Structures are given as structure tokens and as C-alpha cells.
Amino acid sequence: MSSFTNKEGLRASRVCFSYGNKQIIDNVTLELKPGTLTALVGPNGAGKSTLLHLLQGRLQRDSGIVECNSSITVMPQRASIDWTFPITVNEMVRLGGRNLQQQKEIMAKQLLMRVGMEQLAQRRLSDLSGGQQQRVLLARALMQQTGVLLLDEPCSAIDPPTREHLLSVMREQADAGQTLLVSSHDWGSALDSYDKVLVLDNTLLANGTPSEVREKLSDMTCMMGSHCCG
Amino acid sequence: MDETQIWWLMPLIISLLIGVICPTTGSILITQRRILLANLMAHSVLPGLVLALAIGIDPTIGGLISGLLGALIAERLNQRFKGREESSMNTVLAGFTAIGVLLVPLLQTRVDLETILFGDLLAANSSDITRTLIATTALIFLLLTRYQDLVFIGVDPDGAIAAKRPVSQIRFLAIVITALVIISAITAVGIILVIALVCAPVLMHIETSRSLKQLIIKSAATGLALTSGGMLLAIAVDLPPGPVIGSLCMIALISKQIQTN
């Protein structure tokens, strides 16, 4: 596993974004320390995906600053991929990799082993289950070897064993120095897997360790019930 | 062998080339979910072709301009009618076809509309071959220089933009090449039927191909069989080759489906 030398992480200050008359992201300030695994939680429509794309630079923010000395990769939601495209798992992981062909081949093999997909390397994408698709997307994101990795609902609609496996890979990456921000519907004790939690509902409602955030929001009715379960 | 005995040579060469480049173009467009564009362009070239013939310039130029104009108008309407792209594109398709048909009596052009609509492979000449070779060269250039980008854009279009791949340029290049391929295919199958040759061979292999390259090779081989077989069958039974090839495309696709089930 490669180690990450970027020690700056990512900082965003007073980021705003609107679409038409609707304020999607309102005055968000956050800091992702290097080598940390941070959860970004919030109800549907809170702007989690939008925030990830603003941090990466794919969407142009209306105002605010994003500072990062490393390149940033976003692991997209499953819905944005054409899973019927004629391509194998191995080729999908190698797509967009920065290294030479031979290095890409070796790296792809190692990453597929890490995510538990080495036996399915020659399978077509269309033959994969939802959990397998998420594993492939994670392997592909790791292939980019960027200092900051933003993951858009990597644990959405997958079985608990796959979720645990993906989280353990993300933890290994954080321990190796990569900075990860994971958009998630996790809540309760599921948040203990993370170093820090950001709660977003168009603006940041809470920012701290899992226990700090749970305590702060325990009496906020908007955070009770079904929102984090989708 | 004298010239009259090799009258079939040019039609055969055209049918072989078209049999390869139409499915190859279809492989790119279908995997990028832009196949509606191919049918739209097939009809949008008509006004330009008629106008070019009327003023005595190469119909390729007129058809190319007209086809690109149709694509541009459709793109603008798609942005306006998001979620209803099929409706807006079909409207543009019908509109351009209508304008093309109207231009014939208006300009008093000596154009055989039936040939443009349904092809006349047996009337192919050297300029048709030149046109087809230009389209073939352009397509080979795109595949050799932009293959990885085509795969990336097809499987993860948002990711390709985020990775700063030249998505707009590649899409524009694909549109231009599609127009060239369609114009060159008019001789063989005409603008109405070209879509069958663009789609059917690709659909027959898309679910079993493990790469875009494999899909292109399999589709091109099938296209080759359909066009050459269709031409020979048409000569044998004395029927127009374009509709025979179009019919064979559909029959082949249905047969493949039955075989798979």
C-alpha cells in the first residue's frame, strides 16, 4: 500500500452554492485533517453530493474558498456509471489510472485483492451485484492515488459484510495518510467507524467526533427517525 | 474481364466499407447513449444534400453542414426540454426531412429522392468510394487517437469531465464523423435505412462483448456480412439493395434474440 505524504488535508471556508433560486450549500466551513476518515451525513436533499463536487472543483461555487495542496478524487454514486458498458472489472479499475501500463496492471490486481474482487477481475460490469459494483468503484478511486478522496455514498444499499469490508479499506487508507470524506446515511453507533462527523442540511449543523455530534443533535427533531436511513 | 463484367466491383467495395464503418460508428454512439443523434443526422443531411446538388457543389459539404446544423438545433432544444429529448429530436428530424423534400420542387433540382431515401448501391461510382474512404479514415483516426477517452466517456461521463478529458471536443468529433459516415452510407442504404445498419450489428453483440474494441470488431464483421450478403441477394432476386439490407438487419437481430432466449 502506498503512503501519502500530503500533510495539508483540505480546508473549505464559507462555501456557498445555489441553483436557480434555491440555496443548496449555505456558508459551509470545514477542515479535513490529513490521515482522517470523516463522515458527511444529512437528510436526502441536504446537498451532500453537491458539497463533494464543490470541494473537488467540478461544480463552480458561488463564493467561498477551498484550499487543498493535493489532487482530489471523487468516488461517484453507482447511478452515475453505465453498468451496461462493455468493459471488464479489471479494465474499469485501470480506467483513468495515472501510471504506465504495466504498473497499472499490477496496481489494479493489488487493489482488486484488497476489495475482495480478484476472482471477478474478468467479469463484465453488467454481471455484478450492487455490493460488487461498490467494491469496483472503490478500487478505481484508490487507483487514482490522490491525497484526498471524497466518496459519494459508498455504502448505500449494500449488505452489512460488504459495508464492513469497504470501511476497513477506507480505514487502512486513512491510516496510510490519505484524507477521506465519506457521504453516508449512517447514524447512531455506525458513526463510530469515523474519526469525525459533519452533519449537513444545506448548512453545517454539527462538526465533531461521533459522540460529540450525537450529543449535540440528540434533541433536534429533524435528525430523528428516517432521514439517515434514506 | 471488361468493364461491363465488373459492374459489381464498386457496389461491392462500397458495401464492404459501409458494412464496417456504420456498425463501428454505432458502437461508439450506442455506448455513449447518443444513438438518437445518428437517426437525427441521417435525416438532417437531406436539405444540405439537395441544396448542394442544386448549386453544383459536392453534396458531402452540403450534407455535412446541414447535418451539423440539425444536431446543433436538437442540442439546444434538448437543453430547453430536459427529460423530453426524444420528442424534440424527432421533431427536428421530421422538420429537416420535410424541408429537404420541399427544396426539391422549390429549387427545381434534378434529384432522385428515392435514391437518397433508400439508396441505390448498384449505381455507386468512384466519387462515392472517395467519400466513403474519407469517412473511414476519419473514423480510424478517432479510434486510434481517442479510444481510451471514448471508453471513459461511455462508462463514466461525469467522471470523464471531472478528469478533464476533452469530452466536448470528442463529442463534436464524433458528430462530424457520424455525418460523414451517414453521407457515405446514403449510396448503399439511403438516409431512412442507414440507422438499421448503425444499430442492428451492435445490438447483436453488445451484451456479450467484454470491451469496446471487441464490440467494434464483432459488429463490423456482422455489418460486413449483412451488406455484402444483402447486395448479393438483391442482385439475385432483382430487388433494391438498400431495403434488402435494412430487412436483413432486422431479421438478423430478431434471430439473434430468439437464439439467445
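None of the values given here were measured: they were computed from a predicted structure. Proteins come first, then strands; the chains are lettered A, B, ... in the order of their sequence lines, and each starts at number 1.
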Is it true that atom [atom1] of [X] has more than 12 heavy atoms of other residues, nucleotides or ligands lying nearer than 6.0 Å?
X: A:K109; atom1: NZ; value: no
X: B:Q79; atom1: CD; value: yes
X: A:I65; atom1: CD1; value: no
X: A:R123; atom1: CZ; value: no

Identify which part of B:S27 has an atom lying under 4.5 Å from any heavy atom of chain A, answering side chain, backbone, both or neither.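 Neither part, no heavy atoms under 4.5 Å.
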Under 4.5 Å from any heavy atom of chain A, what part of B:A162 do you find: side chain, backbone, both or neither?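 Its backbone and side chain both get close to chain A.
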Return the minimal non-hydrogen interatomic distance between [X] and [Y], and the atom names on each side.
X: A:P86; Y: B:I206; value: CB-O, 4.4 Å
X: A:D82; Y: B:T31; value: OD2-O, 4.0 Å
X: A:L95; Y: B:F152; value: CD2-CA, 3.8 Å
X: B:P157; Y: A:S80; value: CD-O, 4.1 Å

Can you tell which part of A:S126 gets under 4.5 Å to a heavy atom of chain B, answering side chain, backbone, both or neither?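 Answer is neither: A:S126 stays 4.5 Å or more from chain B.
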Which distance, rounded to the nearest 0.5 Å, do you find between the [atom1] of [X] and the [atom2] of [Y]?
X: B:D156; Y: A:M92; atom1: CG; atom2: CE; value: 6.0 Å
X: A:T84; Y: B:R33; atom1: OG1; atom2: CZ; value: 7.0 Å
X: B:L212; Y: A:E91; atom1: CG; atom2: CD; value: 11.0 Å

Is the shortest heavy-atom distance from the side chain of A:V74 to the side chain of B:D158 under 4.5 Å?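 Of all side-chain heavy-atom pairs linking B:D158 with A:V74, none is under 4.5 Å.
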If we define contacts as heavy-atom pairs under 4.5 Å, which of B:Q214, B:E207, B:K213 has the most with chain A?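 Of B:Q214, B:E207, B:K213, B:E207 has the most heavy-atom pairs under 4.5 Å with chain A.
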